[in-house]
Amino acid sequence: MMMNQIPQEINPLSVEQSQQFAQLMGTLSPVQQAWISGYLAATANGAVGAMPVAAPAVGAAPLTVLFGSQTGNAKHVAQDLAENAKARGLDVKLVDMADYKPNQLKTEKFIVVVVSTYGEGEPPEPAEKLHSFLTSKKAPKLDGVKVAVLGLGDSSYEFFCQTAIDFEDRFARLGAELVHAHALLDVDYDDHAPGWIVGAVDAFEPALKEQAEPASAPVTFDNAVAAPVSQYNKKNPFQAEISAVQKITGRDSTKDVRHVEISLDGSDLTYQAGDALGVYFHNDPAEVDEVISLLGVDPDAEVTIGDVIKPVRDALIEDLELTQSYPAFVEKYAAATGNAQLADLATDKTALRAYIEERQIFDILRDHPAGVTAQHLADCLRKIQPRRYSIASSQQEVEDEVHLTVGVVSFETFDRPHLGGCSGFLSYRVQEGSTVRVFVEHNNNFRLPDADTPVIMVGPGTGIAPFRSFLQDRDAAGAGGKNWLFFGNPHFTQDFLYQVELQSYLKSGLLTRLSVAFSRNQNRKVYVQDRLIEHGADVFAWLQEGAHFYICGDATRMAKDVHRALVAILKTHGDHSDDSAEAYLQDLRDSKRYQRDVY
Ligand code: NAP
């Protein structure tokens, strides 16, 4: 009923107030009207000053934004989407897939999925449960549910954005309606995500607003998303000073691992044990000069990258990816240079994959130097993406420092040495006092439990990093829970990372047990999972006591083998079948007692 239709004798407002009220109502969306109604109800009940809460809605569903994020990128895009919808007055629920109970799907009407892909087309750790639930017998029919899917990935990898494709396919099979075409975005997703977000929210908005009774609160954010907000982030990194870089593998080691200390002094950056540091790097100026001269480009020629104009030499050092190659580069460079051989190669997907797998972009440019303008060259290249390292220190212990354990990517091919982009930069091209742009990536899916709960940590190679952080944290807090670390690397004498620290933690009792697997110290390879199985009875006893189990390191082989070892332990010591052991481990995951940071 309109205000002017209410009989004056039952309308307590004056004519002027009625007119003002009608004017205001004409500008409000249904959600805003519901909010005001709740607010007035609350104030009338004496709850003055409390947050307004409208009467609970019956039948209205929010826009549920589910994100599955390994490195935080999908989380940030999902947050931007939720903010966009919130600004339009829509009811939004933003949820980390790791915290989402799949049986809630039955209650959903509007779903946006933002998900990344890693490894061989696999879902990121937090998305695994929902990803597999959707193909299980338990998955509900989703007729009438409106869905849109956004994929993030890296086209350097063969199964680009596979997880997003899987999600869309699975939702469609269950009967959901795809209301907005998916986008599968590459590492430069920042340039394209905003456009997709607007289109997707446009597609949901009419149906959300049409709901008979708008939901009570305009937006809810999943608690797990909350993290200290710093002014420094991926888009605005902090210029931090390097305090130390130290090689921590022996002279005769097959591996080169560096312990890097960075000062966060002067920033408001904070981190918790389990978080990661994003690091921007510079390409090697000597290699840049070599390709500039091979290609005959004037190093001072100015190029435009986004809204920045700078000499091409600076752009090639500071802004453009020249190490990690990907198919689109070959296609663009072939077109820009008219190189028939590369154009031909680009038509054969398998041959192109094999070609780029062996080569950095530097190598491709050296293979096919051709006259291009500075701007054409810049247009072929994508922007440098920060590399992510698990943090190896606790702020309780090191205060405004952050420590990393960096495995240097180093190999010889085409008769010349090659280094990884960021690991080469941190290991060979910075010194104490150099600056590096960094930001903290919070990871709520890799966290210590309360102080008394036992933890089992499996971290071979540089996978030790977050466990150094865990141990420092527990040491500083005087936490009483038991700690058991499994560490592995090739040789005892060369590769025992943080040996002195770990042995002193054993001596002090902080480390209850330390089990090491030096794979090449004997004829037969010995890995961390062999040690787990050797101590299977105790591992099982710790799990039964409530221990949390963590894995960090290689995703493709080690993490899968360790999982298999856990299944074997549950079968031997817990009298489980394969299925019940898997169910036991799924329960651990669901209760956040089995967490992995694998890459
Ligand atoms: P790493 O390559 O993971 O090696 C650490 C230790 O793990 C070595 O003793 C190694 O033994 C052993 N290992 C090899 N295969 C294993 C398996 N299936 N299960 C358990 N242990 C195994 O350590 P890192 O060089 O410090 O590398 C750490 C990170 O680099 C990894 O997490 C990963 O991201 C990346 N990486 C990936 C690959 C890959 O192919 N996916 C390969 C190397 C590194 P041996 O070397 O003596 O066999």
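Only this structure's heavy atoms are used, side chains among them; waters, hydrogens and symmetry mates stay out. Counting starts at 1 for both ligands and their atoms, following the listed order.
Looking at V598, T254, V458, D561 and measuring to atom 18 (N) of ligand 1, the nearest heavy atom belongs to D561. The heavy atom nearest to atom 23 (O) of ligand 1, considering only C552, A559, S390, G461, is found in G461. Considering only non-hydrogen atoms, atom 16 (C) of ligand 1 lies nearest to Y527 out of F486, F518, Y527.
Below 4.0 Å from some heavy atom of K525 lie the following atoms of ligand 1, by number and element: 45 (P), 47 (O), 48 (O). Of all atoms in ligand 1, listed by their number and element, those nearer than 4.0 Å to a heavy atom of T556 are 39 (C), 41 (N).
In this structure, atom 35 (C) of ligand 1 is not in close contact with the protein, since no protein heavy atom lies within 4.0 Å of it. Note that atom 12 (C) of ligand 1 has protein non-hydrogen atoms nearby, at separations under 4.0 angstrom. Contact annotation for atom 30 (O) of ligand 1: protein absent (non-hydrogen atoms, distance under 4.0 Å).
The protein heavy-atom contact nearest to atom 5 (C) of ligand 1 is N489 OD1, 3.4 Å. Here the protein heavy atom with the shortest distance to atom 7 (O) of ligand 1 is P460 CB, 4.0 Å. With respect to atom 1 (P) of ligand 1, the closest heavy atom belonging to the protein is K255 NZ, 3.8 Å. If you check which protein heavy atom lies closest to atom 27 (O) of ligand 1, you get T462 OG1, 3.9 Å. Scanning all protein heavy atoms for the shortest distance to atom 46 (O) of ligand 1 gives R520 NH2, 2.7 Å. In terms of protein heavy atoms, atom 33 (C) of ligand 1 is closest to D554 CA, 3.8 Å. Counting only heavy atoms of the protein, atom 19 (N) of ligand 1 lies nearest to Q529 NE2, 3.0 Å. Among protein heavy atoms, atom 9 (O) of ligand 1 sits closest to S519 OG, 2.7 Å.
Within the 4.0 Å heavy-atom cutoff, G407 does not count among the residues contacting ligand 1. Between G488 and ligand 1 there is a heavy-atom distance shorter than 4.0 Å.
Contact check on D578 versus K571 returns a salt bridge, with a Lys/Arg side-chain nitrogen under 4.0 Å from an Asp/Glu carboxylate oxygen. In summary, D190 and K383 do not engage in a salt bridge, as defined by a charged side-chain N under 4.0 Å from a carboxylate O. The existence of a salt bridge linking E290 and R366 is confirmed by a sub-4.0 Å separation between a basic side-chain nitrogen and an acidic carboxylate oxygen.
Considering all non-hydrogen atoms of both residues, G68 and A127 come closest at CA-CB, 4.1 Å. Considering every non-hydrogen atom in both S390 and D597, the closest pair reads OG-OD2, 3.0 Å.
The environment of CG in D575 is sparse: at most 12 heavy-atom neighbours from other residues, nucleotides or ligands sit within 6.0 Å. The local environment of CD in E501 is crowded, with over 12 non-hydrogen atoms from other residues, nucleotides or ligands closer than 6.0 Å.
Between F329 and Y333, the two ring planes are parallel [angle under 30°; tilted spans 30° to 60°]. The aromatic rings of Y498 and H259 sit perpendicular to each other, their planes meeting at more than 60°, with 30° as the lower class boundary.
Ring to ring, F362 and F414 are not that close: their centroids are 6.0 angstrom or more apart. Side-chain rings of Y157 and Y326 stay apart, their centers remaining 6.0 Å or farther from each other.
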